[in-house]
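Notes for the one structure printed next.
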Amino acid sequence: MRDVLPQLLQWHQEGTAFALATVVAVRGSAPRLPGAVMAVNGAGEAVGSVSGGCVEGAVYQAATEVLETGRPRLETYGIGDEDAFSVGLTCGGTLEVLVRRVGPDAPLGAVLGSLDRTEPVAVATVTGGGAPLGAQLYVWPDRTSATLGDPELDAAVADDARSMLTQGVSGAKHYGAQGQRRMDEVHVLVQSFAPPPRMLVFGAIDFAAALSRIGANLGYHVTVCDARPVFATRKRFPDAHEVVRAWPHDYLAATEVDERTVVCVLTHDPKFDIPLLLTALRTPAGYIGVMGSRRTHEDRFDRLREAGVTETELARLASPIGLDLGARTPEETALSIAAEILATRTGATGRRLATLTGPIHASAAPVPRYQDDEDERPGARGVTARAS
């Protein structure tokens, strides 16, 4: 939803109703994951995408009809359908898309405001079963709004949604009609909108400028940090959200770091690197990459070992940083680093798709930040998927 936030905010502020189509389930290969949205207003304007182009036309038609009737619909698009090729779904997967009308007075406006202010909020939506289709519950750390139709169901979903919000994950959950867990009467999609993950870039060099640009485009809140005032300037890093002048290890020790944080050390200078890496290895950061040649890498690891760092801890470091793409320019190197960050986050191989077999968009792949409680229910297959 963040992808289309500016347009949705504008429509809401203008009092314009719109239909919101949301991917609520994916089976097999599909280009977009649960949570992807497309919105259509009464003037026929559309923003967002639910399939990267495969079924947009069919979803657009459904959205215009829901906008007129006001009745939510759950649509399924799959390669096995007779009209699969007529709507362009040729990737082999199946999408379930919930289409619902959002009026000018809908409480979703408060959620859009929180997203605009990067405040944590979760949206729980009934996607099937014994509760009103499309009913929503909006959950903040300290309050809730709207209802799924039953106060006990609301309480159970709000409790789970807050836990998921803390972890920064979204996913499908299943409940009894009164919120009983390990039952399958009510299907709920919980979309968790935690603040953007952080990218901490140390070293105010030209590679950092290119990396901050691609990091911001990938949805990270980017901070560039360097102790040298002449280099750490806003003019040199216009795409970074913050430019900090401080000793890197001091700044890192004083700032918030969680499992979604990526740390990129581009200084390749021992007086900066070693104190910074000793601090970084004490954090839960999900990725710690360090720039430098093979010789610099070997010298760096020797110094870290002398400082008491174990081999297990050294294995956390992506050093030298990036994937082998033949990168030389700052822009190419930033792409190499970003590719490694994405592959690390998703658990992907980083190899050419042409050399691999199986689905390109595997719904069961360990993609971070999406979870399904299917494996928690009796008789489940034990498959857990995660997606942003």
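Side-chain atoms of T279 come within 3.5 Å of backbone N or O of P275 as a donor-acceptor pair. Using modelled atom types, one side-chain atom of R236 and one backbone atom of A204 make a donor-acceptor pair closer than 3.5 Å. The main-chain N or O of G322 is found under 3.5 Å from a side-chain atom of E340 such that the two form a donor-acceptor pair. Side-chain atoms of R245 never come within 3.5 Å of backbone atoms of V230 as a donor-acceptor pair (strictly under, hydrogens ignored). Between the side chain of R100 and the backbone N or O of T22 there is no donor-acceptor pair closer than 3.5 Å. Listed for the R305 side chain is no donor-acceptor partner under 3.5 Å among the backbone atoms of G308. Between the side chain of R316 and the backbone N or O of L281 there is at least one donor-acceptor pair closer than 3.5 Å. Judged by distance alone, the side chain of T76 and the main-chain N or O of E96 form no donor-acceptor pair under 3.5 Å. A donor-acceptor contact shorter than 3.5 Å is absent between the side chain of Q7 and the backbone of V4. The backbone N or O of S192 lies less than 3.5 Å from a partner atom in the side chain of S170, making a donor-acceptor pair.
In terms of heavy atoms, A327 sits closest to S336 at CB-CB, 4.2 Å. For the residue pair G203 and A208, the shortest heavy atom distance occurs at O-CB, 3.0 Å. Between A146 and Q136, the closest heavy-atom pair is CB-O, 3.2 Å. Taking every heavy atom of both residues into account, I341 and C264 meet most closely at CD1-SG, 4.1 Å. Looking at every heavy atom in both residues, S49 comes nearest to A36 through O-CB, 3.7 Å. Considering every non-hydrogen atom in both A194 and R260, the closest pair reads CB-NH2, 3.8 Å.
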**Study point:** side-chain contact (heavy atoms from CB on, under 4.5 Å) between I205 and F231, intermediate numbers included
**Key:** CA-CA 8 Å; I205 60 176; F231 295 113; over 6 Å; no
Check your understanding: Where do L211 and M199 land on the side-chain contact (heavy atoms from CB on, under 4.5 Å) test, with the steps shown first?
Key -> CA-CA 10 Å; L211 182 58; M199 175 181 284; 4.0 Å; yes
Exercise for review: Apply side-chain contact (heavy atoms from CB on, under 4.5 Å) to L200 and L252, showing your working.
Suggested key: CA-CA 9 Å; L200 306 179; L252 184 59; 3.7 Å; yes
Exercise for review: Give the C-alpha distance, both sets of side-chain angles, the deciding distance and a yes or no for side-chain contact (heavy atoms from CB on, under 4.5 Å) between V290 and H297.
Suggested key: CA-CA 8 Å; V290 200; H297 160 80; over 6 Å; no
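Using a 4.5 Å cut-off between side-chain heavy atoms of Ile, Leu, Val, Met, Phe, Trp and Tyr, with links allowed through other members, V59 and V66 fall into the same hydrophobic cluster. A continuous path of ILVMFWY side-chain contacts below 4.5 Å connects V37 to Y138, so both sit in one hydrophobic cluster. V123 and L115 fall within a single hydrophobic cluster, where Ile, Leu, Val, Met, Phe, Trp and Tyr are joined by side-chain heavy atoms under 4.5 Å apart, directly or via other members. In this structure, V139 is not a member of the same hydrophobic cluster as V111, with clusters built from ILVMFWY side-chain heavy atoms closer than 4.5 Å. A single hydrophobic cluster is seen to contain both V309 and V257, as judged by linkage of ILVMFWY side chains at heavy-atom distances under 4.5 Å, directly or through other members.
No more than 12 heavy atoms of other residues, nucleotides or ligands shown are found within 6.0 angstrom of CG on D324. Atom CD of E14 has more than 12 neighbouring heavy atoms from other residues, nucleotides or ligands inside a 6.0 Å radius. For R328, the CZ atom counts as loosely surrounded, since its 6.0 Å shell holds 12 or fewer non-hydrogen atoms of other residues, nucleotides or ligands. For R71, the CZ atom sits in a loose shell: 12 or fewer heavy atoms of surrounding residues, nucleotides or ligands are nearer than 6.0 Å.
Counting only heavy atoms from C-beta outward, the side chains of Y175 and D160 approach each other to under 4.5 Å. L95 is listed as a side-chain neighbour of V26, based on a closest heavy-atom distance under 4.5 Å. Side chains of M291 and T333 form a contact here, defined as non-hydrogen atoms less than 4.5 Å apart. In this structure the side chain of L356 reaches within 4.5 angstrom of the side chain of R351, judged on heavy atoms. Counting heavy atoms from C-beta outward, L277 and F202 have side chains that stay 4.5 Å or more apart. Side chains of H241 and T223 form no contact here, defined as non-hydrogen atoms less than 4.5 Å apart. Using a 4.5 Å cut-off on side-chain heavy atoms (C-beta onward), D226 and Y251 make no contact. The closest side-chain heavy-atom distance from P197 to V262 is not below 4.5 Å.
Partner of V265 under the side-chain contact (heavy atoms from CB on, under 4.5 Å) criterion, out of I321, L276, L317: L276 alone.
Salt bridge R101/E68: absent, no basic N to carboxylate O contact under 4.0 Å. With respect to the salt-bridge test (charged N to carboxylate O, under 4.0 angstrom), the residues D299 and R303 qualify.
In this structure, D273 CG and T296 OG1 are separated by 8.5 Å, a value rounded to the nearest 0.5 Å. From L325, atom CG reaches atom CD of E332 across 9.0 Å, with rounding to the nearest 0.5 Å. From L189, atom CG reaches atom OG1 of T127 across 6.5 Å, with rounding to the nearest 0.5 Å. With values rounded to the nearest 0.5 angstrom, T261 atom OG1 is found 4.0 Å from D258 atom CG. Note that CG of D159 and CE of M164 are 11.5 Å apart. Values are rounded to the nearest 0.5 Å. To the nearest 0.5 Å, the span separating CG on L148 from CG on L153 amounts to 5.0 Å.
With no hydrogens or angles considered, no side-chain donor-acceptor pair links D239 and S212 at under 3.5 Å. For the residue pair T255 / R198, a side-chain donor-acceptor distance below 3.5 Å is found, with atom types taken as modelled.
F18 pairs by the ring pair (Phe, Tyr, Trp, His ring centres under 6.0 Å) definition with W11, not counting sequence neighbours.
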